[in-house]
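Let me begin by presenting the structure, written as structure tokens, before commenting on it.
Within every chain, numbering begins at 1; the chains are lettered A, B, ... in the order of the sequence lines, protein sequences first and strands thereafter.
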There are 2 protein chains.
Amino acid sequence: MNAPKLARVIDIHALKNACSNCSLREMCLPTGLKQDEIEKLDQMVYTRKRVKRGDSVYRSEEKFGSLYAIRSGFFKTTLVMEDGRDQVTGFHMAGDMLGMDGIGADQHSCNAVALEDSEVCVIPYGRLEELSREIYELQQHFHKVMSREIVREHGVMLLLGSMRAEERLAAFLLNLSQRFTSRGYSASEFNLRMTREEIGSYLGLKLETVSRTFSKFQEDGFIGVQQKNIRILDSEGLKSVLGRDPS
Amino acid sequence: MNAPKLARVIDIHALKNACSNCSLREMCLPTGLKQDEIEKLDQMVYTRKRVKRGDSVYRSEEKFGSLYAIRSGFFKTTLVMEDGRDQVTGFHMAGDMLGMDGIGADQHSCNAVALEDSEVCVIPYGRLEELSREIYELQQHFHKVMSREIVREHGVMLLLGSMRAEERLAAFLLNLSQRFTSRGYSASEFNLRMTREEIGSYLGLKLETVSRTFSKFQEDGFIGVQQKNIRILDSEGLKSVLGRDPS
DNA sequence: GGAAGATTTTGATCCACATCAATATTTCCG
DNA sequence: CGGAAATATTGATGTGGATCAAAATCTTCC
């Protein structure tokens with residue numbers, strides 16, 4: 001009798017991949033659904049995609065079709081100007097949603113590049129639209145995710161438009177720390193997945209300035225830096241950098 | 001017989017206020033709807049609100065409840081940091097949608113202030129959610145509006161993070177001109193509704209730099225400036241400022 | 001209509017960060 | 001493993017835009 005065994009194998013496989021069983025569930029999907037709704041959601045995501053370090057999930061001007069929930073790994077999104085200058089517009093980690101920039105014009109407007117080997121859940125956009133018409137909680141959740149992206153970008157605009165170099169980097173580190181914390185990782189020690197140049201691009205600074213400012217924070221006893229490894233030793237100290245006039 | 005006369009008055013009034021009859025229709029609502037869907041939409045917007053110059057439609061931290069479609073006038077949105085520094089995050093004109101920042105946390109995260117006497121259509125968010133579950137085109141349209149806001153902000157991040165002062169101001173003028181054009185106004189002559197300081201805040205520059213750069217563009221023959229009145233004399237010239245190295 | 005306040009322009013000077021440069025360290029890969 | 005390329009650090013110098021200042025112009029509102 002092979003059938004039951006086979007069935008179980010398939011079962012386990014299905015379970016393993018199911019949203020309903022995903023540890024990141026509450027980050028990319030709504031909570032408090034009924035059983036039948038949960039089953040529908042599991043059907044929404046029928047593809048996972050591995051993305052190797054350096055590869056893109058999508059590129060600017062590519063036809064839009066799906067959103068991507070980050071299952072594991074780390075990404076940057078970048079914009080490129082005609083003259084070649086490019087700018088990092090965000091860093092994204094497990095539980096974040098990628099691709100919402102593509103909805104408006106039906107084509108992507110930035111590049112989403114993996115900074116380490118990663119995995120994304122492919123969410124066909126048409127299917128998401130359909131389901132969010134049926135499931136109120138999904139609709140609500142999706143709208144919140146988009147709205148939060150707008151608010152996040154507001155924050156970056158504030159950072160780029162009004163803060164000095166030290167404030168930008170302090171805000172950046174505190175934000176990263178907070179995001180790692182909310183995912184169950186250490187708030188005080190983490191590895192940067194991006195280069196000084198990418199940090200600089202995101203913060204509107206040159207890589208030398210990023211490096212110098214890391215060194216200064218280290219001298220001040222706020223952090224310990226060893227290349228990509230960061231230990232936050234005095235988060236109050238870092239916070240005090242924000243909004244204090246040059247000293 | 002008074003009834004018919006009265007009825008007609010009400011009729012005209014209803015028509016005047018209806019989305020279906022609004023000249024900005026295609027900016028804030030989807031097109032190609034069936035008659036019954038159009039009628040539903042007309043019911044979605046049952047309040048207009050006049051906002052006097054200097055007044056806010058909503059303020060940061062205020063409870064979120066509605067989106068606001070700008071019927072007429074001009075707005076800025078601003079963020080305020082704890083230490084009082086504030087930053088303009090956007091300028092908004094007729095046909096634009098305000099308030100989407102509030103969905104994610106159920107409270108607004110910026111202030112929306114009228115720069116001239118204005119009028120907004122109040123769209124109760126719950127009602128919009130409901131209707132966009134029923135009307136596919138509305139759902140799609142709303143998602144596009146949010147996505148475009150994300151893309152717009154990407155553009156500002158690029159501007160703030162990678163451009164020099166002249167490029168920022170050139171991009172700003174070209175963007176304004178394009179938006180006026182798409183609303184049927186002159187592309188080459190318009191009135192700024194905001195001060196140099198507000199422009200500077202939006203562009204991450206000081207007001208003196210904005211003023212100087214306007215003067216420089218005038219010397220270069222790209223624009224004519226007379227206080228708030230701007231004439232674009234050489235839009236190709238302005239475009240050439242973008243992405244050319246300091247000269 | 002006219003005085004007070006807000007906004008804009010322009011000049012002089014300064015400084016935070018960019019740029020240029022050289023070395024050190026790490027990562028990659030044959 | 002080892003050499004090349006990528007990344008990071010640190011120092012010296014330059015500069016675009018900030019800051020400080022003062023005058024000009026516009027707006028408001030009694």
Item to check | Spacing of R85(B) atom CZ relative to dA18(D) atom P, expressed in whole Å | outcome: 14 Å
Checklist entry - Closest to the R196(A) side chain: dT9(D), dA18(C), dC26(D)? => result dT9(D)
Checklist entry - NA contact type, R53(B), heavy-atom cut-off 4.0 Å: base, sugar-phosphate, or nothing? => result sugar-phosphate
Checklist entry - Taking atom types as they are modelled, is there a donor-acceptor pair under 3.5 Å from the base of dG16(D) to the side chain of R212(B)? => result no
Checklist entry - Can you tell which of dG11(D), dT7(D), dC20(D) lies closest to the side chain of T195(A)? => result dT7(D)
Item to check | Euclidean distance, atom CG of residue L203(B) to atom C1' of dG17(D) [Å, nearest integer] | outcome: 13 Å
Next on the checklist: Counting neighbours of CZ on R85(A) that are heavy atoms of other residues, nucleotides or ligands and sit closer than 6.0 Å, is the number greater than 12?
Outcome noted: yes
Checklist entry - Between L205(A) and F214(B), which has a closest nucleotide on DNA chain C that is more 5'? => result F214(B)
Checklist entry - Do Y185(B) and F190(B) have ring centroids that are under 6.0 Å from one another? => result no
Item to check | Short side-chain donor-acceptor distance under 3.5 Å, H154(A) and E153(B) | outcome: yes
Item to check | Ring centre gap for F75(B) and F91(B) strictly below 6.0 Å | outcome: no
Checklist entry - Quick one: on DNA chain D, does T209(B) or E197(A) contact a more 5' nucleotide (nearest heavy atom)? => result E197(A)
Checklist entry - If you measure only the distance, is there a donor-acceptor pair under 3.5 Å linking the side chains of D106(B) and Y125(B)? => result no
Next on the checklist: How many whole angstroms separate atom CG of L169(B) from atom P of dT9(C)?
Outcome noted: 11 Å
Checklist entry - Looking across every strand, which nucleic acid part, if any, lies under 4.0 Å from L207(B) by heavy atom: base, sugar-phosphate, or nothing? => result base
Checklist entry - Could a donor-acceptor pair under 3.5 angstrom be found where the side chain of E208(B) meets the base of dC20(D)? => result yes
Item to check | Length of the line joining N191(B):CG and dT8(C):P, which is rounded to integer Å | outcome: 12 Å
Item to check | Separation of atom CG in L115(B) from atom P in dT27(D), rounded to whole Å | outcome: 15 Å
Checklist entry - Between dA8(D) atom P and Q218(A) atom CD, what is the distance in whole Å? => result 15 Å
Checklist outcome for this item: In whole angstroms, the gap separating C1' of dG11(D) from NZ of K216(A) amounts to 18 Å
Item to check | For atom CZ of F217(B) and atom P of dT10(C), their distance in whole Å | outcome: 15 Å
Checklist entry - Just checking G200(B): base, sugar-phosphate only, or nothing, at a heavy-atom cut-off of under 4.0 Å? => result nothing
Next on the checklist: Using heavy-atom distances to pick each residue's nearest nucleotide on DNA chain C, tell me which of M163(A) and Q227(A) is more 5'.
Outcome noted: M163(A)
Next on the checklist: Looking at dT27(C), I'd like to know if its phosphate oxygens (OP1 or OP2) sit under 4.0 Å from a side-chain N or O belonging to K228(A).
Outcome noted: no
